[in-house]
Colleague: 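Dropping a structure here in structure tokens format, bear with me for questions.
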Amino acid sequence: HTHRGLSRVDLVARVFRSVAIGVIITYGATSFLAPELNYSRLIPVYDWGTTLVAVIGLRLFGRGVWATVRRAGIGRDRVLIVGAGATGQDVVARIERRPWLGYEVVGFVDDAPGRARARGIPVVGTTSELGELVSSLNVDEVLIALPDASRRQLLGLVSQCQREGLSIKVFPDVFQILAGEVQIDD
């Protein structure tokens with residue numbers, strides 16, 4: 001299963017690398033373990049090409065099927081966003097623009113007094129209630145969108161989310177990305 005949001009170029013690059021390594025190992029082991037086998041030197045090239053086309057085709061087909069299924073509302077992950085400020089609202093906008101990723105935002109968690117909704121999504125509680133909300137709302141993923149939070153605050157939030165299978169992602173501050181403190185893979 002591929003990662004959500006992985007571009008087609010990255011997918012092809014990963015498959016290209018994996019198939020090349022697989023073909024090299026397979027034919028290297030065959031040459032070493034069974035040197036009496038004689039085959040054309042083009043066979044590994046043909047093998048590499050057909051395997052590459054087949055794997056990329058099947059991956060893209062599967063990805064398209066999953067995107068269609070998620071757009072229909074099946075197999076979606078329930079997401080709770082910590083922080084209803086500008087960063088949290090930006091995360092919601094990105095999710096809304098990409099329905100094929102399969103996220104369903106169930107609410108915000110925010111400590112700002114008087115804030116009941118943000119971008120049409122309800123604020124369901126405060127950060128001190130995060131652990132209870134994760135369980136009661138049957139959340140699959142928690143997205144922490146607090147760019148000004150200290151490491152201690154982030155660790156406190158993560159420690160409240162101690163459920164098996166729960167994915168937690170922290171969105172960095174844009175300034176941290178521009179300053180080179182955060183890798184894109186983070």
Colleague: With rounding to the nearest 0.5 angstrom, report the CG to CD distance, D148 to Q153.
Modeller: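 The distance works out to 9.0 Å.
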
Colleague: Side chains of R76 and P99: closer than 4.5 Å at any heavy-atom pair?
Modeller: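 They are in contact (side-chain heavy atoms under 4.5 Å apart), so the answer is yes.
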
Colleague: Mind checking whether V105 and V91 have side chains closer than 4.5 Å, heavy atoms only?
Modeller: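 V105 does not reach V91 side chain to side chain.
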
Colleague: Nearest 0.5 Å, what's the CD1-CZ distance between I81 and F108?
Modeller: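 One finds 4.5 Å between CD1 of I81 and CZ of F108.
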
Colleague: Please check: side-chain N/O of S135 versus main-chain N/O of E132, any donor-acceptor pairing under 3.5 Å?
Modeller: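 Looks like no, no N/O pair under 3.5 Å.
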
Colleague: Can you list the steps and then say if V139 with L166 is a side chain to side chain contact (heavy atoms under 4.5 Å, CB included)?
Modeller: CA-CA 8 Å; V139 172; L166 180 69; 4.2 Å; yes

Colleague: Do you know the tightest heavy-atom contact between D110 and G85?
Modeller: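 Taking D110 first and G85 second, the nearest heavy atoms are OD1-N, 4.2 Å.
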
Colleague: Given I56, which of V53, L58, L60 fulfils the side chain to side chain contact (heavy atoms under 4.5 Å, CB included) condition?
Modeller: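 With I56 as partner, side chain to side chain contact (heavy atoms under 4.5 Å, CB included) holds for just one option, L60.
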
Colleague: Within the supplied structure, the quantity of interest is the number of heavy atoms (other residues, nucleotides, ligands) at a distance under 6.0 Å from R97 CZ; does it exceed 12?
Modeller: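 Yes - once you tally the heavy atoms of other residues, nucleotides and ligands closer than 6.0 Å, there are more than 12.
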
Colleague: What's the separation between atom CD1 in I95 and atom CG in L143, rounded to the nearest 0.5 Å?
Modeller: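 Going from the CD1 atom of I95 to the CG atom of L143 covers 5.5 Å.
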
Colleague: So does R98 have more than 12 non-hydrogen atoms from other groups sitting under 6.0 Å from CZ?
Modeller: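 More than 12 within 6.0 Å, yes.
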
Colleague: Could you go step by step and tell me if L146 and L157 meet the side chain to side chain contact (heavy atoms under 4.5 Å, CB included) rule?
Modeller: CA-CA 11 Å; L146 298 172; L157 293 169; 3.7 Å; yes

Colleague: Answer yes or no: is there a donor N or O on one side and an acceptor on the other, between the side chain of R115 and the main chain of A84, under 3.5 Å?
Modeller: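 Yes; judged by distance alone, with no hydrogens or angles, the pair exists.
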
Colleague: Given 3.5 Å as the limit, does a donor-acceptor pair link the side chain of E129 with the main chain of T126, or not?
Modeller: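 Answer holds: yes.
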
Colleague: Run the side-chain donor-acceptor check on residues 19-29: report pairs under 3.5 Å with partners two or more places apart or on a different chain.
Modeller:
unit_1 : atom_1 : unit_2 : atom_2 : d
T26    : OG1    : G22    : O      : 2.7
Y27    : OH     : D47    : OD2    : 3.1

Colleague: Return yes if some donor-acceptor pair links the side-chain N/O of R78 with the main-chain N/O of V106 below 3.5 Å, else return no.
Modeller: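 It does not hold such a pair.
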
Colleague: Please find the pair of heavy atoms, one from S31 and one from Y39, that lie closest to each other, and give the distance.
Modeller: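 The answer is OG-OH, 3.6 Å.
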
Colleague: So, are D90 and R94 salt-bridged, with charged N and O less than 4.0 Å apart?
Modeller: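 Salt bridge present between D90 and R94.
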
